Every structure is written in structure tokens, then in C-alpha cells.
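Beneath this line is the structure, given in C-alpha cells, with notes to follow.
Labels below follow one simple rule: chain letters A, B, ... track the order of the sequence lines, proteins then strands, and each chain is numbered from 1. Keep in mind the model is a prediction, meaning the values are calculated, not measured.
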Amino acid sequence: DAGVIQSPRHEVTEMGQEVTLRCKPISGHDYLFWYRQTMMRGLELLIYFNNNVPIDDSGMPEDRFSAKMPNASFSTLKIQPSEPRDSAVYFCASRTGLWRTQYFGPGTRLLVL
Amino acid sequence: KNEVEQSPQNLTAQEGEFITINCSYSVGISALHWLQQHPGGGIVSLFMLSSGKKKHGRLIATINIQEKHSSLHITASHPRDSAVYICAVSESGNTPLVFGKGTRLSVIA
């Protein structure tokens, strides 16, 4: 298995632009998580899905952030409009069922100028 | 919300030393995870445990549920162990992980 796949790996954009991050979970995994990592705050959960349904989005910073999971093999995290404080590494992770190890993607390093 | 504290924040060791990283949490949990983040940024799950001890190669993880505390030990440390080690907890099987800030380990040859 290729593991969790994220794209792009790096993104540099200007303030105000729309940013879309993509994630393909491991096949058969029914939980998908989006995390953000910064030096100041460490890893933080943004949102997670179970069977393509958003379960908890309380970590989404504000209305500028949105996430979708149209099917079991694809999810997007969108930031519109982007701001410099959104600069971070965004990780996607997936797992199967409860009480299971999470598998992390390589992350997308986002820089908003 | 669970508060997860790790110590130390930074650790430098000589190759071959025995290393201990500590994690404490504030609310009862169902499982605790130890993760390793490589210098390149990738995150790998090392252990998931809910009681007792687990061992994988030179790594040992222990947990004391009553004291709300876990330790990660590395025996015979090696420069390739240099990474950030992150502790994370979940209060039940279907609640998301809450992360500590991580411990940055540097092992010098």
C-alpha cells in the first residue's frame, strides 16, 4: 500500500488566494483526520470524518476553512481567503475502526506571503 | 479537555546513552500513543498502549494509568534516533487524539 498520500507537498501563495490541500487515505480506512502543525501550537486537530461524514469540526479555525470528503478515497481542505497566519504544515491521517493506529501522510507545507 | 505535558522539551544525548522522555495527562484516557517525527517532517506511530509496557527493538513504552503518566525509553541511543517524539492521548476509541508539544531529541555521535 502507498500509505496516505497528500498533495501538494509544498505550497507558496499570496495572502487572499484560495488554497486547496488534498488527501487520499489508505484504502479501507474509515476514519480520516486533518491536522495542522505550527511551532507555537504543535499538532492540532482541525476536523475528522468517519465513513465520509464530518464528525467533529470544532478545531477548524474559522469560516475561511472548509473540508470535504466526497468519497472514501479523497478529501480536501480548503482555505479561502488565505492569510499569513495560516502558514503551517497540514497533515492528513487515516485509520481503520476504533482503537487503531493512525497513519500519517507526509504533510503539506504551506507558506502564505 | 485533556492537557498533555511532555518533558523535557529538548534533549541532547551522546550515542549509546539511555534516554527517557516523559508524558503526563490530566484526564483519564483509553489509549496513549507515542509518535516519532523525523527531521524531514514525516510522522510515524511507534506505540499505542492502554496499560503496562510495550517493547519494539530498542524502544520501550510504559504507562501508569493511576498516575496518568507514560514514559518512552530508548536504549543504546543512536544518531538516527534524532527526531521529535510526540505523546498523544485519546479519551475513548472514537475521540480524536490530543497531542503534547513534543520532545526534540538529538543524539550526537
Side-chain angles (χ1 to χ4, degrees), chain A residues 2-6 8-11 21 23 25-26 29-51 53-60 67 87-111, chain B residues 1-10 21 23-25 27-52 54 56 59 61 63 65 72 83-105:
Chain A
V4 177
I5 299 172
Q6 289 187 248
R9 294 293 306 276
H10 303 273
E11 177 83 25
L21 311 181
C23 175
I26 293 173
H29 284 192
D30 55 351
Y31 283 84
L32 183 140
F33 304 82
W34 280 103
Y35 296 101
R36 178 172 67 176
Q37 185 179 39
T38 61
M39 289 292 291
M40 290 296 295
R41 300 170 68 92
L43 270 165
E44 299 175 289
L45 175 70
L46 298 176
I47 184 171
Y48 79 98
F49 297 83
N50 177 220
N51 291 321
V53 176
I55 302 300
D56 184 351
D57 66 354
S58 59
M60 296 284 263
S87 298
V89 181
Y90 291 81
F91 287 97
C92 176
S94 70
R95 75 170 194 220
T96 176
L98 305 178
W99 313 109
R100 301 290 187 184
T101 297
Q102 286 191 20
Y103 294 85
F104 286 78
T108 295
R109 190 173 295 274
L110 173 66
L111 178 60
Chain B
K1 180 182 173 183
N2 224 327
E3 301 290 333
V4 181
E5 299 287 338
Q6 286 187 238
S7 64
Q9 284 187 295
N10 296 283
I21 300 171
C23 174
S24 60
Y25 49 93
V27 178
I29 62 169
S30 59
L32 183 142
H33 301 247
W34 281 102
L35 311 171
Q36 180 191 54
Q37 186 167 25
H38 301 290
I43 297 175
V44 174
S45 179
L46 298 174
F47 296 104
M48 183 177 69
L49 66 166
S50 56
S51 65
K54 285 191 175 180
H56 181 70
L59 274 60
I63 188 169
I65 297 295
L72 176 68
V84 176
Y85 292 85
I86 302 170
C87 172
V89 301
S90 57
E91 293 176 22
S92 69
N94 60 354
T95 55
L97 294 176
V98 177
F99 297 88
K101 293 285 178 62
T103 294
R104 185 175 298 275
L105 171 65

**Message:** Quick one, B:L97 and A:L43 - any side-chain contact, counting heavy atoms below 4.5 Å?
**Reply:** no

**Fill in**
Rounding to 0.5 Å, atoms CE (A:M39) and NZ (B:K101) come to a distance of 11.0 Å

**Part of A:Y35 lying under 4.5 Å from any heavy atom of chain B** = side chain

**More than 12 heavy atoms from other groups under 6.0 Å of OH on A:Y103** = no

**Message:** I'd like to check B:H33 versus A:Q102 (side-chain heavy atoms, cut-off strictly below 4.5 Å). Are they in contact?
**Reply:** no

